[in-house]
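Keep in mind that this is a model prediction, so the values were computed, not measured. Values reported hereafter were calculated over all heavy atoms of this structure, with side chains retained and with hydrogens, waters and symmetry mates removed.
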Amino acid sequence: MGSVWRSQAVVLAVLGAAAAMAGAAPQVPCYFVFGDSLVDNGNNNGIVSMARANYPPYGIDFAGGPTGRFSNGLTAVDVISRLLGFDDFIPPFAGASSDQLLTGVNFASAAAGIREETGQQLGGRITFSGQVQNYQSAVEQLVSILGDEDSAAARLSQCIFTVGMGSNDYLNNYFQPAFYDTANRYTPAQYADDLAARYVPLLQALYSYGARKVALMGVGQIGCSPNELATQSANGVTCVDRINVAVRMFNQRLLRVVDQFNRLPGAHFTFVNIDGIFADILRAPGAHGLRVTNRGCCGVGRNNGQVTCLPFQTPCANRHEYLFWDAFHPTEAANVLVGQRAYSARLSSDMYPVDLRTLARL
């Protein structure tokens with residue numbers, strides 16, 4: 001392993017030790033993850049899909065090598081799991097054992113969206129509704145393991161759930177007119193409403209199956225990704241505002257969704273302002289240890305973003321100074337920043353209403 005991985009491992013070890021000072025056990029009994037390629041850690045490996053990352057140089061700084069994570073190293077949920085006190089990373093649902101279900105699994109799938117058709121041009125993926133169905137199946141197994149529904153419900157009520165959906169509904173749907181007609185059928189505001197309306201019943205299904213401490217991860221600044229800068233920014237530096245403005249409309253709806261669910265018995269929903277966190281990083285990247293924010297560390301073409309990281313391509317050497325690993329996904333360095341702020345808010349705007357450290361205590 002290189003010095004970059006070792007330095008990040010030291011940081012996480014210190015943070016994990018600090019987070020676990022209250023006791024040796026994790027702060028919550030289990031952690032369940034839902035999402036897309038930002039947090040997929042191998043569920044797409046066995047799927048016929050272009051949305052896979054189980055090949056080098058992905059995982060170049062990860063102890064296990066290429067696992068299916070769309071980064072050079074850790075994802076944000078890897079960071080969160082360590083900060084919550086888990087010794088091991090949360091495993092992918094694909095191939096997870098019954099014992100692993102007790103401490104949580106990762107259901108995320110690259111190219112997945114809230115809308116069923118999202119990402120279909122990339123091949124197979126597990127849509128959010130499919131991830132919810134997999135969770136329901138996992139809960140049924142938990143009931144069998146623990147002996148009865150009450151025991152399972154009591155355990156699940158203390159677990160953390162992070163749900164990060166919506167990025168592909170913009171990247172691989174609304175802003176892909178060659179494959180989808182949604183931009184012709186909906187204004188940005190109407191599309192945000194549609195996504196929220198489809199999201200709520202699936203979140204309700206999670207709640208019905210025991211999820212109580214749920215963090216909705218907002219959609220980030222897609223218009224600042226190397227791919228969008230390469231294809232739609234005149235100078236390759238200025239973010240594409242029309243994309244970011246559309247995404248913020250959806251994020252604003254998520255605040256209302258949080259308020260809606262927090263009226264339900266026992267519910268503790270919260271919103272992670274990924275857009276705001278990235279905006280703060282972009283305002284002063286040097287203060288966050290970053291130097292390059294508009295290019296992928298690994299990729300092809302303008303901004304290293306026209307074609308994403310290819311198998312066995314040689315990435316940049318100074319990965320710890322890059323915000324983006326490839327055309328779309330953050331580096332481990334960026335994921336560490338996001339995971340830290342999701343767990344323990346640096347600014348009051350990072351979370352609404354509480355951060356994950358507080359959520360774990362509720």
Side-chain angles (χ1 to χ4, degrees), residues 35-39 70 76 111 113-115 118-119 163-178 180 182-196 199 216-258 271-285 288 290 292-296 299 302-306 308 322-331 334-335 337-338 341-342 346-347 349-352:
D36 50 34
S37 58
L38 292 170
V39 294
F70 286 73
I114 297 168
R115 292 178 63 100
T118 288
V163 185
M165 302 300 304
S167 295
N168 286 309
D169 294 292
Y170 287 95
L171 272 175
N172 288 302
N173 193 322
Y174 194 73
F175 290 110
Q176 284 276 8
Y180 304 93
T182 44
N184 293 325
R185 292 163 47 208
Y186 301 94
T187 66
Q190 289 170 338
Y191 192 65
D193 287 337
D194 176 80
L195 290 181
Y199 210 9
L216 302 183
M217 314 291 281
V219 178
Q221 297 205 339
I222 293 172
C224 301
S225 67
N227 179 261
E228 301 305 326
L229 293 177
T231 58
Q232 301 195 51
S233 173
N235 61 5
V237 175
T238 305
C239 297
V240 185
D241 277 345
R242 69 184 185 89
I243 296 177
N244 287 342
V245 168
V247 165
R248 287 186 192 117
M249 292 181 185
F250 174 64
N251 287 333
Q252 289 163 1
R253 271 66 171 177
L254 293 186
L255 296 176
R256 301 176 201 165
V257 170
V258 165
F271 170 74
V272 184
N273 184 12
I274 303 295
D275 174 82
I277 292 171
F278 262 79
D280 184 54
I281 293 170
L282 286 170
R283 274 192 293 268
H288 295 86
L290 303 175
V292 183
T293 61
N294 69 323
R295 294 172 55 83
R302 189 185 188 208
N303 295 78
N304 279 353
Q306 289 177 290
T308 199
Y322 274 67
L323 179 64
F324 287 97
W325 159 247
D326 61 14
F328 302 101
H329 305 98
T331 57
N335 284 327
L337 294 172
V338 171
R341 291 175 68 160
R346 180 173 177 268
L347 302 175
S349 59
D350 287 352
M351 308 288 293
Y352 173 80

#### Entry: Residues which pass salt bridge (charged side-chain N to carboxylate O under 4.0 Å, His left out) with Asp241, listed by chain and number, not counting sequence neighbours
none
### side chain to side chain contact (heavy atoms under 4.5 Å, CB included) between Val240 and Phe175, intermediate numbers included
CA-CA 12 Å; Val240 185; Phe175 290 110; over 6 Å; no
### Message
Can you list everything that forms a salt bridge (charged side-chain N to carboxylate O under 4.0 Å, His left out) with Asp280? Sequence neighbours excluded, please.
### Response
Arg283, Arg341, Arg346
#### Entry: N/O donor-acceptor pair under 3.5 Å between Asn244 side chain and Gly223 backbone
yes
### Task
Say whether, by atom type as modelled, one donor and one acceptor occur between the side chain of Asn227 and the main chain of Gly305 under 3.5 angstrom.
yes
### Task
Please determine, by modelled atom types, if Asn168 and Thr118 share a side-chain donor-acceptor pair under 3.5 angstrom.
no
### Message
Strictly distance-based, threshold 3.5 Å: is any side-chain N or O of Asn273 a donor or acceptor partner for the main-chain N or O of Tyr352?
### Response
no
### Message
Once salt bridge (charged side-chain N to carboxylate O under 4.0 Å, His left out) is applied, do any residues pair with Arg185, and if so which ones, sequence neighbours excluded?
### Response
Asp181
#### Entry: Pairwise salt bridge (charged side-chain N to carboxylate O under 4.0 Å, His left out) hits with a residue in residues 217-240, at least two apart
none
### Message
Rounded to the nearest 0.5 Å, what separates atom OH in Tyr170 from atom CD1 in Ile243?
### Response
11.0 Å
#### Entry: All salt bridge (charged side-chain N to carboxylate O under 4.0 Å, His left out) counterparts of Arg248, not counting sequence neighbours
Asp275
### Test item: Asn304 side-chain N/O and Gly296 main-chain N/O as donor-acceptor pair under 3.5 Å
yes
### Message
Using 0.5 Å steps for rounding, measure from the CG atom of Asp36 to the CD1 atom of Ile114.
### Response
9.5 Å
### Message
I'd like to check the ring pair (Phe, Tyr, Trp, His ring centres under 6.0 Å) partners of Tyr174; sequence neighbours left out, ordered by chain and number.
### Response
Tyr191
### Message
Leu282 vs Gln221, test: side chain to side chain contact (heavy atoms under 4.5 Å, CB included). Steps then yes/no.
### Response
CA-CA 10 Å; Leu282 286 170; Gln221 297 205 339; 3.3 Å; yes
### Message
With heavy-atom distances below 4.5 Å as the criterion, would you say the side chains of Phe271 and Val257 are in contact?
### Response
no
### Query
Ser233 side chain to Thr238 main-chain N or O, any donor-acceptor pair under 3.5 Å?
yes
#### Entry: Interatomic distance, Leu38 atom CG to Phe328 atom CZ [nearest 0.5 angstrom]
11.0 Å
### Query
Is there a side-chain contact between Leu216 and Val258, using heavy atoms and a 4.5 Å cut-off?
yes
### Query
What is the distance from atom CD1 of Ile222 to atom CG of Leu171, rounded to the nearest 0.5 Å?
4.0 Å
### Query
Do Ile274 and Val338 pass the side chain to side chain contact (heavy atoms under 4.5 Å, CB included) test, and can you show the C-alpha distance, the side-chain angles, and the key distance before you say yes or no?
CA-CA 7 Å; Ile274 303 295; Val338 171; 3.7 Å; yes
### Task
Working to the nearest 0.5 Å, report the span between CG of Asp194 and CZ of Arg253.
11.0 Å
### Message
As an exercise, state the distance from CG of Leu290 to OG1 of Thr331, rounded to the nearest 0.5 Å.
### Response
6.5 Å
### Task
Step by step, work out the side-chain hydrogen bond (donor to acceptor under 3.5 Å, both in side chains) result for Thr182 and Asn173.
CA-CA 7 Å; Thr182 44; Asn173 193 322; 2.7 Å; yes
### Task
Go through Val163 and Met217 one step at a time and tell me if the side chain to side chain contact (heavy atoms under 4.5 Å, CB included) criterion holds.
CA-CA 6 Å; Val163 185; Met217 314 291 281; over 6 Å; no
